[in-house]
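Here the structure is laid out as structure tokens; the discussion comes afterwards.
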Amino acid sequence: MNNGPSGLDAREREEPVRAPGEGAGSRKRRRNPPSSGAQSSQSSLTALSLALSAAALVMAGIALALVLRNGGEAELPPAAPEEPVTFRFGGMVLTPVEGMPLNPYDKDAFGLDEKGRVTYAQDGRRAKTGIDVSTHQKDIDWPAVAADGIDFAILRLGHRGYTEGGLFLDEAFEKNLQGALDAGLEVGVYFFSQAVTPREAEEEAEYVLDVLDGQALAFPVAFDWESIPGDDARTDGLDGEGMTRCAAAFCRRIEAGGYRPAVYFNQTQGYLRYDLRELTKYDLWLAEYDTVPDFYYHFDLWQYSHTGRVDGIQGDVDMDLAF
């Protein structure tokens, strides 16, 4: 109980404490007791401390109750929703598909050489420069091509007709194959597909393997499925799922035959038709005509122009880079 400002009763305040043998005349001076204002402030601080301690205990009790209610896990406040990642293609805003590797190439590593051809060099390594050709390029002077800085060539081996669906050998394939190999170029091939079922795609792959007959290739064997605009083609009704199944069937059969498969596609096919996640185990060959590729996902080969110029070839030719 507090009996006064100093905590002493009235009698003690009037009669100072004396040491033994002291009389009234020899009374010692006591230190002044704390003032009433200081004692009031000290009491207020003590009360505030007690109040804060009590509040802390209450908060701890609430937190413990929440933890126990949630099975021992503290309930965290909900995180702010993140803005979805998107990118643009044409006039569309697209959301990336999960599980598809992204474009890994450094845009600053692309350039143009003195001939206006696209180059790519990073970490001391240079992408190889190549072309892809068919009978449309007519007679090709392959030594001149090789001397003009071309490292590889991807040759059309054949195609399926888009009306009746027959299989045909490219008229210049055998000559181009021998010429490119003799000139020291690395070689791959592609087949222009019009398959509408996986079984037809496998048939095309079998045709390719029969023509190659074990011929060693440094570059892939590519599946090139393209729509035929402006004509009544047998492939007009094939959707993206069907295209993906055909490409996968072709690639599986080519791989089983001992060659490296690839799938050729443009941006529209890559974004809106093929499910590229089903094809990532094979090489992906992108057609995008520009000086720097803008395609969002991973690819291994890039056809960057269809109007290239190379010594030994009359007229335009497709130009490619191999990373």
Side-chain angles (χ1 to χ4, degrees), residues 128-148 150-195 200-226 228 233 235 246-247 249-251 253-265 282-283 285 287 300-301 303 305-322:
K128 294 181 179 181
T129 297
I131 57 175
D132 58 271
V133 299
S134 69
T135 189
H136 297 295
Q137 274 69 45
K138 300 182 172 56
D139 289 333
I140 297 177
D141 182 348
W142 285 103
V145 170
D148 196 23
I150 301 302
D151 302 308
F152 69 91
I154 303 179
L155 316 174
R156 188 176 79 161
L157 182 144
H159 68 282
R160 184 188 286 274
Y162 64 86
T163 54
E164 297 179 4
L167 302 179
F168 303 94
L169 184 69
D170 186 285
E171 296 175 1
F173 173 68
E174 293 177 343
K175 183 178 180 181
N176 283 338
L177 177 63
Q178 195 60 54
L181 291 173
D182 289 346
L185 298 182
E186 296 181 282
V187 173
V189 302
Y190 72 93
F191 188 88
F192 187 94
S193 173
Q194 288 291 282
E200 285 193 350
E202 291 172 355
E203 182 185 24
E204 293 171 353
E206 292 283 358
Y207 182 86
V208 170
L209 293 173
D210 288 344
V211 172
L212 289 175
D213 192 27
Q215 170 66 56
L217 298 176
F219 269 68
V221 175
F223 177 81
D224 174 16
W225 194 102
E226 299 184 32
I228 308 296
T235 53
C246 286
F250 179 94
C251 289
R253 183 64 192 94
I254 291 297
E255 187 174 47
Y259 292 92
R260 192 165 96 239
V263 179
Y264 171 91
F265 60 93
Y282 311 118
D283 283 7
W285 182 9
D300 304 280
L301 295 159
Q303 183 188 83
S305 175
H306 65 294
T307 57
R309 292 289 174 150
V310 174
D311 291 347
I313 298 177
Q314 297 179 17
D316 295 335
V317 65
D318 295 338
M319 301 296 301
D320 302 273
L321 282 184

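Computed from heavy atoms alone, side chains included, the values below leave out hydrogens, waters and symmetry copies.
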Rounded to the nearest 0.5 Å, how far does [atom2] of [Y] lie from [atom1] of [X]?
X: Tyr259; Y: Arg253; atom1: OH; atom2: CZ; value: 11.0 Å
X: Lys175; Y: Ile140; atom1: NZ; atom2: CD1; value: 9.0 Å
X: Cys246; Y: Glu202; atom1: SG; atom2: CD; value: 9.5 Å
X: Asp148; Y: Asp141; atom1: CG; atom2: CG; value: 10.5 Å
X: Ile131; Y: Asp320; atom1: CD1; atom2: CG; value: 8.5 Å
X: Leu181; Y: Leu217; atom1: CG; atom2: CG; value: 8.0 Å

Quick check: closest heavy atoms across [X] and [Y], and the distance to 0.1 Å?
X: Gly312; Y: Ala144; value: CA-CB, 3.8 Å
X: Gly130; Y: Ile150; value: CA-CG2, 4.0 Å
X: Pro261; Y: Cys251; value: CG-O, 3.3 Å
X: Ser305; Y: Gly308; value: OG-N, 3.6 Å
X: Ala172; Y: Thr135; value: CB-CA, 3.8 Å
X: Ile228; Y: Ala233; value: CB-CB, 3.8 Å

Determine the sole option in Gln137, Gln303, His306 for which the side chain to side chain donor-acceptor pair (under 3.5 Å) test with Asp132 is passed.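 Single side chain to side chain donor-acceptor pair (under 3.5 Å) partner of Asp132 among Gln137, Gln303, His306: Gln303.
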Excluding sequence neighbours, so at least two apart, what forms ring-ring contact (aromatic ring centres under 6.0 Å, His included) with Tyr282?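 With neighbours one apart ignored, the set is empty.
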Only counting residues at least two apart or in another chain, list the ones meeting ring-ring contact (aromatic ring centres under 6.0 Å, His included) with Phe265.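 For Phe265, the residues satisfying ring-ring contact (aromatic ring centres under 6.0 Å, His included) (neighbours in sequence not counted) are Phe295.
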Side chains of [X] and [Y] in contact at under 4.5 Å (non-hydrogen atoms):
X: Trp142; Y: Asp182; answer: no
X: Phe250; Y: Val221; answer: yes
X: Tyr190; Y: Tyr264; answer: no
X: Asp318; Y: Val133; answer: no
X: Leu321; Y: Thr129; answer: yes
X: Asp316; Y: Arg309; answer: yes
X: Leu169; Y: Glu174; answer: yes
X: Phe173; Y: Val211; answer: yes

Count the heavy atoms belonging to other residues, nucleotides or ligands that lie under 6.0 Å from CD of Gln215, then report whether that count exceeds 12.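 Yes, the 6.0 Å shell around CD holds more than 12 heavy atoms from other groups.
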More than 12 heavy atoms of other groups within 6.0 Å of Tyr162 OH: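 Atom OH in Tyr162 is not packed in, count stays at 12 or less.
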Checking Trp225 side chain against Ala195 main chain: does a donor-acceptor pair fall under 3.5 Å?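 Side chain of Trp225 to backbone of Ala195: a pair is present.
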Does Glu200 have any salt bridge (charged side-chain N to carboxylate O under 4.0 Å, His left out) partners at least two apart in sequence or in another chain, and if so, which?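 Listed in chain order: Arg234.
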For Thr235, side-chain hydrogen bond (donor to acceptor under 3.5 Å, both in side chains) partners two or more places apart: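 Thr235 satisfies side-chain hydrogen bond (donor to acceptor under 3.5 Å, both in side chains) with Gln194 only.
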Does the side chain to side chain donor-acceptor pair (under 3.5 Å) test come out yes or no for Asp224 and Trp285, once each step is laid out? CA-CA 9 Å; Asp224 174 16; Trp285 182 9; over 6 Å; no
How would you list, by chain and number, every residue that makes a side chain to side chain contact (heavy atoms under 4.5 Å, CB included) with Glu186, sequence neighbours excluded?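 Applying side chain to side chain contact (heavy atoms under 4.5 Å, CB included) to Glu186 gives Lys128, Phe152, Ala218, Phe219.
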Kindly state each residue pair satisfying salt bridge (Lys or Arg N to Asp or Glu O under 4.0 Å) with at least one member in residues 153-163, sequence neighbours excluded.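 Residue pairs with at least one partner in residues 153-163: Arg156-Asp170, Arg160-Glu203, Arg160-Glu204.
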